[in-house]
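Heads up, the thing below is written out as structure tokens.
Letters A, B, ... mirror the listed sequences (proteins, then strands); counts begin at 1.
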Protein chains: 2
Amino acid sequence: MRISELAAATEVPVATIKYYLRENLLHDGVLTSATQARYDDSHVRRLKLIRALIGTAGLSVSATREVLLGLENPPESGHDLLGIAHHAVTRTAPDDVDLSSAQKLLDHWGWGAETCDRDTQAALVAALHGLSDAGFDAPAALLDRYAAAMQDIAEADVESVPTDSAEAAMRHVVLGTLLMEPVLLAMRRLAQQSASFQRLGRAGSPVPPGAE
Amino acid sequence: MRISELAAATEVPVATIKYYLRENLLHDGVLTSATQARYDDSHVRRLKLIRALIGTAGLSVSATREVLLGLENPPESGHDLLGIAHHAVTRTAPDDVDLSSAQKLLDHWGWGAETCDRDTQAALVAALHGLSDAGFDAPAALLDRYAAAMQDIAEADVESVPTDSAEAAMRHVVLGTLLMEPVLLAMRRLAQQSASFQRLGRAGSPVPPGAE
DNA sequence: TGACTTAGATAGTGATACTCCCCAATATTG
DNA sequence: CAATATTGGGGAGTATCACTATCTAAGTCA
């Protein structure tokens, strides 16, 4: 197919496709002449993936490029699959960041602190710091309950990874991590709305009875 | 305190404080003359909150303004508290969006579809669409497990809201929703790393080598 | 008195993700 | 075969966002 047909098939403007080509997110088509190239299904699939990563998962163009590179060159170790996905959405922490609070929590939850990525630990510290800066003190029991729920999710994540092919595993881990995050957040909000409604009874009642 | 002292106390540049004043994120200080104003602790607290919402929670300046407005004018209904927080992080859906897939899921999970916000349902649909566009098919059982975990979190959320004061409840709901999201995502990633390590063992290098 | 600080306003910056336009070289259509 | 349309390639322009810098007049402080 030609670039205009590729654009029509994916609902991505031609100018944007050219931009992705320039940015090496999308592989070139096969040149049939100096001013013509053919594109195929692989380009359609790739474009949809790019749009999902940029649009749905909210990745930057450069983070998307890294993820796509990772998908094409799966690492040897299964554990390293996660690193690529997590690295794309985690900003690198400065050298002098204090991770002791995170490590205390990780130990408490039984997650080996030494097996966890530095930058991800720093992200947890930063997020908790944001909470306390805002004057919000999360009780330890609440954090523990959150941790238990997220551990359950993570175990489901890891168990659902296909073991037959490294390529399929790579794809599953990266997409399952990145594209599932907005799903989980939407679920939490919907569950909150449902729980709030059930606890408050019908809407309109004032806060007291067990406010949401 | 003067503006330079406020800047020193919060580590926010003076120029940025002026910007927040212009944008009505921060209330004016008390003018003591044509070119001098006094700021106090309320400005310090507010600035920290603003930085947490913009920096940690990733809100835009305009979304932050809406949230702050909501915090100052708590709605009558407890159920509406959520709406303000959720509205700030959920883009409004077009009128013609198809919510039937979301409603099917909500019914399945026992969350009243009619009690849930349209835009939030649309966010779930969009997120699931992103997954399938990327060629990732999430098994229903996996989604169910996610939903159960998020429901547990949401119940903890709702139960932990203080009932003594509407203002405290408002603050708790908004901050607990917005600022806790990055905490939850960081937790999931750490739990994944832990679970992945336990399941796959130490295969290959501990930290992703070519993930940059 | 003279260096320093401030409010308030305007304009500029850097990053990001496109989007537009141009050209020569085809491809397609009449 | 001629007229029209499309394309690859590349540079430049645009919109948005969250600041950041500069300027001026009017102060403050030592």
(message) Students often get this wrong, so: under 4.0 angstrom with heavy atoms, is A:Ala15 touching a base, only sugar-phosphate, or nothing?
(response) base

(message) Without decimals, in angstroms, what is the distance between A:Ile17 CD1 and D:dT7 P?
(response) 10 Å

(request) Tell me, yes or no, whether the heavy-atom count around A:Arg38 atom CZ, taken from other residues, nucleotides or ligands under 6.0 Å, exceeds 12. (result) yes

(request) With heavy atoms under 4.0 Å as the rule, sort A:Leu31 into base, sugar-phosphate or nothing. (result) sugar-phosphate

(request) For A:Tyr146 and B:Arg188, test the side chains for any donor-to-acceptor distance below 3.5 angstrom and give the result as yes or no. (result) no

(message) Can you measure A:Asp28 atom CG to D:dG8 atom P for me and round it to whole angstrom units?
(response) 10 Å

(request) Please figure out whether A:Pro13 or B:Tyr39 has its closest DNA chain C nucleotide nearer the 5' end. (result) B:Tyr39

(message) Any base atoms under 4.0 Å from A:Arg65, or only sugar-phosphate, or nothing? Heavy atoms, all strands.
(response) nothing

(request) Ignoring backbone atoms, test whether A:Ser33 places a side-chain nitrogen or oxygen under 4.0 Å from the OP1 or OP2 oxygen of C:dA27. (result) yes

(request) Let me know the distance between CG of A:Leu6 and P of D:dT7, rounded to the nearest Å. (result) 11 Å

(request) May I ask you to decide if the ring planes of A:His172 and B:Phe136 are parallel, tilted or perpendicular, using 30° and 60° as cut-offs? (result) tilted

(request) Mind checking A:Ile54 for me? I need base, sugar-phosphate or nothing, with any heavy atom below 4.0 Å counting as a touch. (result) sugar-phosphate

(message) Quick check: on DNA chain D, is the nucleotide nearest B:Leu59 upstream (toward 5') of the one nearest B:Thr32, or the reverse? Name the residue that is more 5'.
(response) B:Leu59

(message) Base, sugar-phosphate or nothing for A:Arg22? Non-hydrogen atoms, less than 4.0 Å.
(response) base

(request) For B:Ile50 and D:dA18, give me the distance from atom CD1 to atom P, rounded to whole Å. (result) 13 Å

(message) Which is more 5' along DNA chain D, the nucleotide nearest B:Val61 or the one nearest A:Arg38? Just name the residue.
(response) A:Arg38

(message) Could you tell me how far apart A:Glu5 (CD) and C:dA27 (P) are, to the nearest whole angstrom?
(response) 14 Å

(request) For D:dC19, take OP1 and OP2 only and decide whether either is under 4.0 Å from a side-chain N or O of B:Tyr20. (result) yes

(request) Give the rounded distance in Å between these two atoms: CD of A:Gln36 and P of C:dT26. (result) 9 Å

(request) Establish, with yes or no, whether the OP1 or OP2 oxygen of C:dG8 is under 4.0 angstrom from a side-chain nitrogen or oxygen of B:Thr35. (result) no

(request) Ignoring the backbone of B:Ser4, work out which of C:dT6, D:dT20, C:dT19 is nearest its side chain. (result) C:dT6

(message) Does A:Ser62 reach a base, just sugar-phosphate, or nothing at all? Heavy atoms under 4.0 Å.
(response) nothing

(request) Between D:dA26, C:dA7, D:dG8, spot the one nearest the side chain of A:Ile3, thanks. (result) D:dG8

(request) Figure out the CD/P separation between A:Glu23 and C:dT19, and round it to whole Å. (result) 14 Å

(request) Check whether any side-chain N or O of B:Tyr19 sits under 4.0 Å from OP1 or OP2 of C:dT13, and answer yes or no. (result) no

(request) Kindly say whether, by distance alone, the side chain of B:Lys18 makes a donor-acceptor pair under 3.5 Å with the base of C:dA9? (result) no

(message) If the cut-off is 4.0 Å, is B:Thr16 near the phosphate of D:dT20, judged by side-chain N/O to OP1 or OP2?
(response) yes

(request) Please check if atom NE2 in B:His27 has more than 12 non-hydrogen atoms from other residues, nucleotides or ligands closer than 6.0 Å. (result) yes

(message) Whole angstroms only, please: what is the NE2-P distance between B:His27 and C:dA7?
(response) 14 Å

(request) For residues A:Ala7 and A:Pro13, report the shortest heavy-atom separation together with the two atoms involved. (result) CB-C, 4.4 Å

(message) Between B:Gln192 (side chain only) and A:Leu82 (backbone N and O only), is there a donor and an acceptor less than 3.5 Å apart?
(response) no

